[in-house]
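Data block below; observations after.
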Amino acid sequence: MIFDRDTYRRFFDGYFIRDCTIGFEDGRLGFLLFEEQEDKDHDEPFKVRLLAVKLANPAETRFFTLTTHALGLGCDLSSAWAPDHSEFVSVGIGRETLAYKPKVHKGQEARIPFHGAGEPHPVSGLMYDSIVLRTARAGTTVFSVGAPFRVFERLGPGQWREHTEIPLPEGLASTEPDVADEALSNSDFNDLAGLSAQDLYVVGSRGAAWRRHEGLWRQLPFPSTLDLKTVAVAPDGTAYVTDERGHVWQGRDDSWRCLTPKPHSESFLDSAWFAGRLWCTGSTGGCYVLQGSRMVLAMDARRQPMPKGCSLASRRLDVSPDGRRMLVAGWHGALEFDGEHWTVLFYGEP
């Protein structure tokens, strides 16, 4: 267990896990924590805490925290790896950014720049802005994605690149307010995954699917108009996409097939390909694994089942860029999986 009772109460008590990431070097983990709100008014600001963990250190120097009120409800956490740069990065729905690299930089940064921010559309006059709905790592690079069909690439501390090759929705140019508003409301990118910064998939509203290959973006003819929620990519380049009804789609480029004909009980919140299998977490919790034509609870898997009880508390996943470890975390616990054995890092107060 990474906590003893004293360190749990100092660094974790009063919070729950929003997101997790395997850190930028061996033995580092990151957790994004939300302050619990049971005894607070709904309009009272809540704290968001980045908890960085260096597993090899003794308990007294194992943990570092960075706490802020300046990240919104939708924030996620990821980590960039060498060779480009290495750091923890958290981004909120309003593009606000928190970053940390030991002994180099830490704290709040300027919002991710968006080329249309604060300006009316030149044709429709519609005022709009960009939001971030997911921050994730592809290969060793961190990306944030959101609306209106935006992809932002982290280049380094305080530096982002907006991938303007993906056009804004055509409907934003309509002089009919209802048409422009609908275009804006249905232009979410919900997730991104890939083998590198040059080989990516991004998915979102009404079957929107794009691929970046060899530096060029192309919209894909995805065979569904349902909202696409998550995407994961296997080492051979095959992509696995889940939709709002919990179906799992497998394919690449122009060729796709549905692996799970029956809808799942809920949509999935997160997904990852690890140790030859697709793993997903449910919107209300629970870790699932693809088994035949069904997503089954990981604790009921035929091979290497997750420890009983932990599966139901799992909400987010991360796989190290070298493909050797998967981190699963949710609410008040976290586990690591190496493809053969599960290790409970902590589960509630020791």
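Comment: E87 engages R154 in a salt bridge, judged by a side-chain N to carboxylate O separation of less than 4.0 angstrom. Between D253 and R211 a salt bridge is recorded (basic side-chain N to carboxylate O distance below 4.0 Å). Between E162 and R150, at least one side-chain nitrogen of the basic residue sits less than 4.0 Å from a carboxylate oxygen of the acidic one, meeting the salt-bridge criterion. The pair R324-D26 does not count as a salt bridge, with every side-chain nitrogen at least 4.0 angstrom from each carboxylate oxygen. In this structure, R316 pairs ionically with D19, as a charged nitrogen and a carboxylate oxygen lie closer than 4.0 Å. A salt bridge links R218 with D254: at least one charged nitrogen is closer than 4.0 Å to a carboxylate oxygen. A salt bridge does not link R325 to D318: none of the charged side-chain nitrogens sits closer than 4.0 Å to a carboxylate oxygen. Between R137 and E153 there is no salt bridge, since none of the side-chain N atoms of the basic residue sits less than 4.0 Å from a carboxylate O of the acidic one.
The side-chain contact (heavy atoms from CB on, under 4.5 Å) test applied to S124 returns H121, L126, not counting sequence neighbours. In terms of the side-chain contact (heavy atoms from CB on, under 4.5 Å) criterion, residue partners of E176 (sequence neighbours excluded) are, by chain and number, S174, V179. In this view, A275 satisfies the side-chain contact (heavy atoms from CB on, under 4.5 Å) rule with no residue, not counting sequence neighbours. Considering only residues two or more places apart in sequence or on other chains, W342 meets the ring pair (Phe, Tyr, Trp, His ring centres under 6.0 Å) condition with W279, F337.
Under the 4.5 Å side-chain heavy-atom criterion for ILVMFWY residues, a single connected hydrophobic cluster contains both L33 and F3. In terms of hydrophobic clustering, with Ile, Leu, Val, Met, Phe, Trp and Tyr side chains grouped at heavy-atom distances under 4.5 Å, W81 and L77 are assigned to a common cluster. Note on L155: it does not cluster hydrophobically with I112, by side-chain heavy-atom contacts below 4.5 Å among ILVMFWY residues. Residues F149 and V145 are members of one and the same hydrophobic cluster, defined by side-chain heavy-atom contacts under 4.5 angstrom among Ile, Leu, Val, Met, Phe, Trp and Tyr. L327 and L269 fall into different hydrophobic clusters, where Ile, Leu, Val, Met, Phe, Trp and Tyr side chains are chained together by heavy-atom contacts under 4.5 Å.
Relative ring orientation between F12 and H332 is described as perpendicular, the plane-to-plane angle rising above 60° on a 0-90° scale split at 30° and 60°. Note: F16 and W331 have tilted aromatic rings, judged against thresholds of 30 and 60 degrees for the angle between ring planes.
The list of salt bridge (charged side-chain N to carboxylate O under 4.0 Å, His left out) pairs with a residue in residues 278-307, not counting sequence neighbours, reads D300-K308.
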Would F24 and H85 count as a ring pair (Phe, Tyr, Trp, His ring centres under 6.0 Å) here? Give the steps. CA-CA 9 Å; F24 43 81; H85 61 282; 9.9 Å; no

Let me see the working for R315 and D270 under side-chain contact (heavy atoms from CB on, under 4.5 Å), right down to the final yes or no. CA-CA 7 Å; R315 286 182 55 81; D270 208 351; over 6 Å; no

F31/F346 under ring pair (Phe, Tyr, Trp, His ring centres under 6.0 Å): CA gap, chis, key distance, verdict: CA-CA 12 Å; F31 299 95; F346 63 97; 5.7 Å; yes

Assess whether side-chain contact (heavy atoms from CB on, under 4.5 Å) is satisfied between E35 and V48, documenting all intermediate values. CA-CA 6 Å; E35 185 182 21; V48 176; over 6 Å; no

Given C310 and M299, is the side-chain contact (heavy atoms from CB on, under 4.5 Å) satisfied, shown in steps? CA-CA 8 Å; C310 296; M299 64 182 183; over 6 Å; no

Stepwise ring pair (Phe, Tyr, Trp, His ring centres under 6.0 Å) check, F34 with Y15: CA-CA 5 Å; F34 276 13; Y15 290 82; 9.2 Å; no

List the steps and the verdict of ring pair (Phe, Tyr, Trp, His ring centres under 6.0 Å) for F152 and F143. CA-CA 6 Å; F152 302 99; F143 290 82; over 10 Å; no

Take S267 and S283 through the test side-chain hydrogen bond (donor to acceptor under 3.5 Å, both in side chains) and record every step on the way to the result. CA-CA 6 Å; S267 63; S283 295; 3.1 Å; yes

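Side-chain contact check for R49 and T67: at least one donor-acceptor pair (N or O, by modelled atom type) lies under 3.5 Å. D4 and T7 are linked by a side-chain donor-acceptor pair at a separation below 3.5 angstrom, with hydrogens and angles left out of the test.
Considering CG of L133 and CD1 of I93, their distance stands at 5.5 Å, rounded to 0.5 Å. Taking OG1 of T260 as the start and CD of Q250 as the end, the distance is 11.0 Å to the nearest 0.5 Å. Put simply, OG on S144 and CZ on R95 are 10.5 Å apart, with the number rounded to the nearest 0.5 Å.
Hydrophobic cluster membership for V233: L195, Y201, V203, L220, F222, L228, V231, V241, W249, W256 (Ile, Leu, Val, Met, Phe, Trp, Tyr linked by side-chain heavy atoms under 4.5 Å, directly or transitively).
Heavy-atom minimum distance, A197 versus T141: CB-OG1, 3.8 Å.
Tested against S90 for a side-chain contact (heavy atoms from CB on, under 4.5 Å), the candidates L50, T97, D76, L71 yield a single pass: L71.
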